[in-house]
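Both backbone and side-chain heavy atoms feed into the values below; hydrogens, waters and symmetry mates do not. Just so you know, residue 1 is the first one in the sequence shown, and it goes up from there.
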Amino acid sequence: PSATAVSAAKAASGAPRLAVVPLAENLRPLADLLTVELSAKPGVALVERAELDRVFREQNLNVANTSALKLGELLNAQGVILLETNAAASVRLVAVGPGVLLTAAEVPLPLTNAPDWSRQLATQFAPWLGKLALTRDAAVRVALLGLRMATAASDGPEIEQGLSLLFLHRLTREREVFALERRRLEQLAAEQELVGATNSFWSGGALVDGSIERDLADRTRLTVRMQVTPAGAARVSFEAAGSTTNLAALADALAVKLLAGLQRTPKGTWDPAEEAITFYQEAGWLARWGQWEPALAAMESAWALGLRGPS
């Protein structure tokens, strides 16, 4: 069957609609490539280029000056990917219902291998596509204020950063959960302007913080005590223990207990080893594109997830 027929069948089955919208004419070929790659992903129906052009023409729309939420409304799409360009191509995935920026990437222009770029970016965005069908009311918002070592240690910053990263990765595997770190809070004003929301998605979310204690007899043994303050509800405390040699298991235990504190049943599946390989591959192609800072972040994620080896 044609890509159009496949997309129509997905939409008929209730799959959320996703529109890839270039904000500059020179990005149309990249948008078309990304549309093709994403159309092969399960659980999402891509809006065809012909429909995009028809709606924009009928509305006499200046796309570059239209918010993601307005574009989603006009296109009857639950998700919008915006492609814009300055020195690089910036690609942002927005969930229209909740009104939140899910993830973003930047790649240098001109691209030396556009098909490879579209394949890799579709893979990077795929874990987020399941959140597109959610409404704002159904979304569970979690802001991690911090995980801090109770006593100073030479490897303390590494444990704090690694466990925080793993905890957030695990939470985002839950379809209805949206999680971020406090350090991203300063980006929310710009995010709100891009999305076009009248109020911040993150206001009213649950606030989470915690301390990490190390066993004096066994230096590999950690106990994490966490507190979560749901909006309008009393603070809930919980703890979990684990080892520095398997922070992923400790992060999983913390996520499960947090969800219980929010009266949610864990439903997501998480394979840290598989996710580590995905981040390692992502770091490789980001480095090939000269995106050193996100490449380093992806490599740190792979390391935190337990990937080791001579390479």
Side-chain angles (χ1 to χ4, degrees), residues 140-174 177-188 202 205-231 233-262 266 270 272-273 275-280 282-283 286-287 291-311:
V140 177
R141 290 152 285 182
V142 176
L144 178 60
L145 302 181
L147 285 175
R148 296 166 297 278
M149 296 292 291
T151 56
S154 59
D155 60 350
E158 180 181 344
I159 293 173
E160 291 171 349
Q161 180 181 359
L163 189 56
S164 297
L165 196 61
L166 290 167
F167 179 64
L168 292 171
H169 283 319
R170 172 61 184 88
L171 284 177
T172 56
R173 286 298 173 266
E174 299 295 325
V177 175
F178 297 78
L180 87 167
E181 292 180 277
R182 181 171 61 177
R183 63 178 181 171
R184 275 205 60 221
L185 291 177
E186 67 270 13
Q187 302 174 15
L188 296 185
W202 293 102
L207 303 178
V208 181
D209 62 356
S211 63
I212 308 169
E213 298 180 6
R214 174 170 259 157
D215 192 300
L216 295 178
D218 181 355
R219 301 291 290 173
T220 67
R221 188 73 176 169
L222 301 175
T223 299
V224 181
R225 292 182 170 83
M226 269 190 167
Q227 302 82 39
V228 54
T229 308
R235 172 177 289 195
V236 178
S237 299
F238 55 93
E239 68 178 57
S243 172
T244 57
T245 61
N246 192 351
L247 289 179
L250 178 53
D252 183 58
L254 289 168
V256 169
K257 291 194 174 186
L258 170 66
L259 292 168
L262 296 175
W270 190 44
E275 191 167 332
I277 293 173
T278 299
F279 275 112
Y280 176 74
E282 181 181 321
L286 285 168
Q291 301 296 292
W292 303 113
E293 187 172 341
L296 178 59
M299 199 65 235
E300 288 175 346
S301 294
W303 180 268
L305 286 159
L307 187 66
R308 301 290 186 272
S311 59

Check: So which of H169, M299, E300 actually passes side-chain contact (heavy atoms from CB on, under 4.5 Å) with F279?
Finding: H169

Notebook entry, point to check: Under the salt bridge (charged side-chain N to carboxylate O under 4.0 Å, His left out) test, which residues partner E275, sequence neighbours left out?
Noted result: R173

Check: With a 4.5 Å heavy-atom cut-off, do D209 and L144 have their side chains touching?
Finding: no

Next item on the list: Test L258 against every option in L254, V256, L262 by the side-chain contact (heavy atoms from CB on, under 4.5 Å) rule and name the one that passes.
Entry: L262

Check: Quick one: CZ on R219 to OG on S243, what's the gap to the nearest 0.5 Å?
Finding: 13.0 Å

Notebook entry, point to check: Looking only at heavy atoms, what is the nearest atom pair of A240 and A253, with distance?
Noted result: CB-CB, 4.1 Å

Check: Quick one: side-chain hydrogen bond (donor to acceptor under 3.5 Å, both in side chains) partners of T151, sequence neighbours excluded?
Finding: none

Next item on the list: Locate the shortest heavy-atom distance separating R170 from A255; write the atom from each residue and the value.
Entry: CG-CB, 3.3 Å

Check: Are any of the side-chain heavy atoms of V208 and Q227 separated by less than 4.5 Å?
Finding: no

Margin query: Could you measure the distance from the CG atom of L222 to the CG atom of L247? Nearest 0.5 Å is fine.
Written below: 6.5 Å

Note to self: If you apply the rule side-chain contact (heavy atoms from CB on, under 4.5 Å), what do you find for T223 with D215, and how did you get there?
What the structure shows: CA-CA 8 Å; T223 299; D215 192 300; over 6 Å; no

Check: What pairs with D155 under salt bridge (charged side-chain N to carboxylate O under 4.0 Å, His left out), at least two apart in sequence or on another chain?
Finding: R214

Notebook entry, point to check: Taking only residues two or more places apart in sequence or in another chain, which ones pass side-chain hydrogen bond (donor to acceptor under 3.5 Å, both in side chains) with R141?
Noted result: none

Note to self: Show the nearest heavy-atom pair for residues P157 and S154, with the distance to one decimal.
What the structure shows: CD-O, 3.9 Å

Check: Under the 3.5 angstrom rule, does the side chain of S164 hit a backbone N or O of Q161 as a donor-acceptor pair?
Finding: no

Check: Is the closest side-chain heavy-atom distance between L286 and W292 below 4.5 Å?
Finding: no

Next item on the list: Apply side-chain contact (heavy atoms from CB on, under 4.5 Å) to E174 and L259, showing your working.
Entry: CA-CA 9 Å; E174 299 295 325; L259 292 168; 3.7 Å; yes

Margin query: Minimum heavy-atom separation for A302 and A276, please, with both atom names.
Written below: CB-O, 3.5 Å

Notebook entry, point to check: Just how far is it from atom CD1 of I159 to atom CZ of R148, taken to the nearest 0.5 Å?
Noted result: 15.0 Å

Margin query: Once side-chain hydrogen bond (donor to acceptor under 3.5 Å, both in side chains) is applied, do any residues pair with R225, and if so which ones, sequence neighbours excluded?
Written below: E213, E239

Check: Which distance, rounded to the nearest 0.5 Å, do you find between the CZ of F167 and the OG1 of T172?
Finding: 11.0 Å

Check: Residues in ring-ring contact (aromatic ring centres under 6.0 Å, His included) with F178, at least two apart?
Finding: F201

Check: To the nearest 0.5 Å, how far apart are CG in L250 and CG in L166?
Finding: 9.0 Å

Checklist line | Evaluation steps, side-chain contact (heavy atoms from CB on, under 4.5 Å), between L305 and W270 | finding: CA-CA 11 Å; L305 286 159; W270 190 44; 3.6 Å; yes

Notebook entry, point to check: What's the spacing between I212 CD1 and L163 CG if we round to 0.5 Å?
Noted result: 5.0 Å

